[in-house]
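Taking it in order: structure first as structure tokens, then the write-up.
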Amino acid sequence: MSDDAITYAGWGRALRAKGELRRAHDPASVEAHAPAIGNRRSYGDAALNSGGAAVEMTALDRVLAFDRDAGLLTVEAGLSLGEIIKITAPHGWLPAVVPGTGFATVGGAIAMDIHGKNHHHAGSFCQHVTALTLMQGGGPRRLTPADGALWRATCGGLGQTGIITQATLSLMPVRGAMMLVTEQRARDWDEHIALLDGSDASFTVGWIDATATGAALGRGIVEEGEICRGIAPRLKAAKTVPCDAPHWALGKPVVKAFNAAYYRRVPKEGRSQVRALQDFFFPLDRVLAWNRLYGKRGFHQFQCVVPLGARDALRDMLGTIAASGLASPLAVLKRMGPGRAGCLSFPMEGYTLAVDFPNRAAARSLIARLEAATTAAGGRIYLAKDALSSGAAIKSMYPEFPDWAKAAQAADPEGALQTDLVRRLELRT
């Protein structure tokens with residue numbers, strides 16, 4: 001191993017790698033001899049390469065072209081989605097899909113085919129990518145959706161078909177740069193699902209109290225958002241968690257009390273308010289290094305999606321989580337549409353539940369049970385969040401896996417782009 005090796009982690013900090021990070025400073029310096037990584041916002045080991053090198057892409061963050069009439073933006077892969085919003089919003093355009101953090105890079109968004117709070121309308125990120133450039137062993141290659149199998153293997157393909165160096169995005173036109181947000185309480189699971197199903201808002205997301213049990217199981221807050229003109233409150237300066245929290249900081253009594261207070265912050269009759277775009281799209285970005293709240297052992301996020309007809313199975317999973325006493329305040333429920341662009345793209349039409357757990361043995365055992373329930377329900381788990389699954393489970397959840405594996409092997413026959421996640425799940429054997 002190189003003397004320049006360092007220890008680094010994904011966002012969950014439960015899995016770590018020791019290896020060399022080679023910072024790419026211009027496209028000419030990028031060679032497809034090691035996997036690429038961005039801001040490492042994937043929670044598990046998708047952006048780790050233990051014992052080897054990785055190409056750190058965040059310095060490749062230039063805007064290459066911006067057609068303000070057609071809403072087409074060509075950028076380097078290291079540019080973050082939060083920075084794109086700052087550039088395009090004043091001109092009446094936004095990325096069509098953004099995740100829960102503005103620190104995700106364009107390359108990472110393509111490699112995971114991310115989704116957002118508008119998936120039920122807009123589909124996944126790669127459905128709004130019109131072209132991209134891959135650096136492969138033989139040099140750069142431009143791809144479009146017309147490239148069929150390789151395109152579908154690249155979108156959501158974990159970076160295994162080449163290093164994404166740039167992409168052209170088809171942006172969403174907007175009138176205004178603020179967000180009108182309506183919040184409603186959901187008293188229980190059935191009301192929560194009914195509010196999600198009945199929403200015709202452009203953006204919809206539910207926070208769910210994963211500690212509530214009995215008649216209150218599934219209670220939470222549903223937020224609906226519409227982009228509007230207006231004057232939003234000034235963005236507050238982001239705060240940083242200065243050190244790892246003690247193990248009891250997110251213990252059961254603390255989380256239960258916090259969740260109860262958070263639920264009651266919204267009046268029974270609901271409320272509407274104007275917010276800055278970033279406050280709605282990226283609420284956790286206001287707390288830098290918030291992952292340190294889980295302590296030095298880190299945390300795991302379990303995120304699954306199940307078909308529409310399996311919502312009772314998802315309710316049972318939530319009941320299992322609530323009974324365990326292991327959940328954190330971070331739990332999200334969303335209604336998803338059918339949109340997906342790649343063989344390993346996560347979305348399916350149904351409901352997705354995401355819950356964070358401190359990295360403990362009991363939580364790892366619980367996540368295994370939840371994964372088994374997801375499989376039985378005909379659902380799948382999100383590889384951008386996974387740190388614990390097995391290859392057999394993943395291959396059963398993604399029926400197009402053989403097509404992806406064939407294209408990835410053809411694009412990278414030497415396996416130079418494999419990451420810890422790919423090896424753990426035995427996706428390239």
Review point. Would you say the side-chain atoms of Thr419 and Arg424 include a donor-acceptor pair closer than 3.5 Å?
Key: no

Practice item. Keeping to residues at least two apart or across chains, list the side chain to side chain donor-acceptor pair (under 3.5 Å) pairs with something in residues 128-140. Key: none

Point to revise | Residue pair Thr182 / Gln184, side-chain donor-acceptor N/O under 3.5 Å | key: no

Check your understanding: Checking side chain to side chain donor-acceptor pair (under 3.5 Å) for the pair Ser124/Asp113: CA distance, chi angles, key distance, verdict?
Key -> CA-CA 6 Å; Ser124 64; Asp113 195 18; 3.0 Å; yes

Point to revise | side chain to side chain donor-acceptor pair (under 3.5 Å) partners of residues 167-180, not counting sequence neighbours, each pair once | key: Thr74-Thr168

Practice item. Could you walk me through whether Ser199 and Glu224 pass side chain to side chain donor-acceptor pair (under 3.5 Å), step by step? Key: CA-CA 8 Å; Ser199 176; Glu224 297 178 302; 2.6 Å; yes

Solution key, residues 324-333 side-chain donor-acceptor pairs under 3.5 Å, sequence neighbours excluded:
from, atom 1, to, atom 2, distance (Å)
Ser324, OG, Ile321, O, 2.6
Ser324, OG, Leu326, N, 3.2
Ser328, OG, Tyr294, OH, 3.0
Ser328, OG, Leu330, N, 3.1
Ser328, OG, Asp356, O, 3.2

**Study point:** Result of checking Trp11, Tyr43, Phe357 against Phe299 for ring-ring contact (aromatic ring centres under 6.0 Å, His included)
**Key:** Tyr43

Review point. Could you walk me through whether Arg423 and Asp420 pass the salt bridge (Lys or Arg N to Asp or Glu O under 4.0 Å) check?
Key: CA-CA 5 Å; Arg423 286 186 290 269; Asp420 287 1; 2.7 Å; yes

**Study point:** Under the ring-ring contact (aromatic ring centres under 6.0 Å, His included) test, residues paired with Phe258 that sit two or more places apart
**Key:** Tyr262

Review point. Is Arg380 salt-bridged to Asp386, cutoff N-O under 4.0 Å?
Key: no

Practice item. Return yes if some donor-acceptor pair links the side-chain N/O of Trp290 with the main-chain N/O of Asp285 below 3.5 Å, else return no. Key: no

Practice item. Could you verify whether a donor N or O on one side chain and an acceptor N or O on the other, from Asn359 and Arg364, lie under 3.5 Å apart? Key: yes

Review point. Given Glu349 and Arg311, is the salt bridge (Lys or Arg N to Asp or Glu O under 4.0 Å) satisfied, shown in steps?
Key: CA-CA 11 Å; Glu349 188 167 19; Arg311 71 181 193 183; over 6 Å; no

Review point. Is any side-chain N of the basic residue among Glu371 and Arg369 closer than 4.0 Å to the acidic one's carboxylate O?
Key: no

**Study point:** salt bridge (Lys or Arg N to Asp or Glu O under 4.0 Å) assessment of Glu31 paired with Arg22
**Key:** CA-CA 11 Å; Glu31 296 181 345; Arg22 301 171 182 169; over 6 Å; no

**Study point:** For the student: nearest non-hydrogen atoms of Gly176 and Ile227, plus distance
**Key:** O-CG2, 3.5 Å

Check your understanding: Given side chains that start at C-beta, do those of Leu158 and Met112 come closer than 4.5 Å, heavy atoms only?
Key -> yes

**Study point:** Any residue meeting side chain to side chain contact (heavy atoms under 4.5 Å, CB included) with Asp403, in chain and number order, not counting sequence neighbours
**Key:** Cys343, Glu400

Check your understanding: Salt bridge check: are Arg335 and Asp197 linked by an N-O gap of less than 4.0 Å?
Key -> yes

**Study point:** Ionic contact status for Arg428 with Asp412, cut-off 4.0 Å
**Key:** yes

Exercise for review: Test the Arg16-Tyr8 pair against the cation-pi criterion, namely NZ or CZ under 6.0 angstrom from the six-membered ring centroid and within 45° of the ring axis.
Suggested key: no

Practice item. Please say whether the positively charged group of Lys117, taken as NZ for Lys or CZ for Arg, lies over the ring of Phe203, i.e. under 6.0 angstrom from the six-membered ring centre and within 45 degrees of the axis. Key: no

Check your understanding: About how many Å separate CG of Leu81 and OG1 of Thr105, when rounded to the nearest 0.5 Å?
Key -> 7.5 Å

Review point. Rounded to the nearest 0.5 Å, what separation is found between the OG1 atom of Thr320 and the CZ atom of Arg315?
Key: 10.5 Å

Exercise for review: Return the set of residues passing ring-ring contact (aromatic ring centres under 6.0 Å, His included) with Tyr382 (not counting sequence neighbours), or none when no residue passes.
Suggested key: His115, Phe346

Review point. Do the side chain of Asn39 and the main chain of Arg41 share a donor and acceptor less than 3.5 angstrom apart?
Key: no

**Study point:** Arg219/Asp188 ion pair, N-O < 4.0 Å
**Key:** no

Practice item. Determine, for Lys395 against Glu426, whether the closest basic-nitrogen to carboxylate-oxygen distance falls under 4.0 angstrom. Key: no

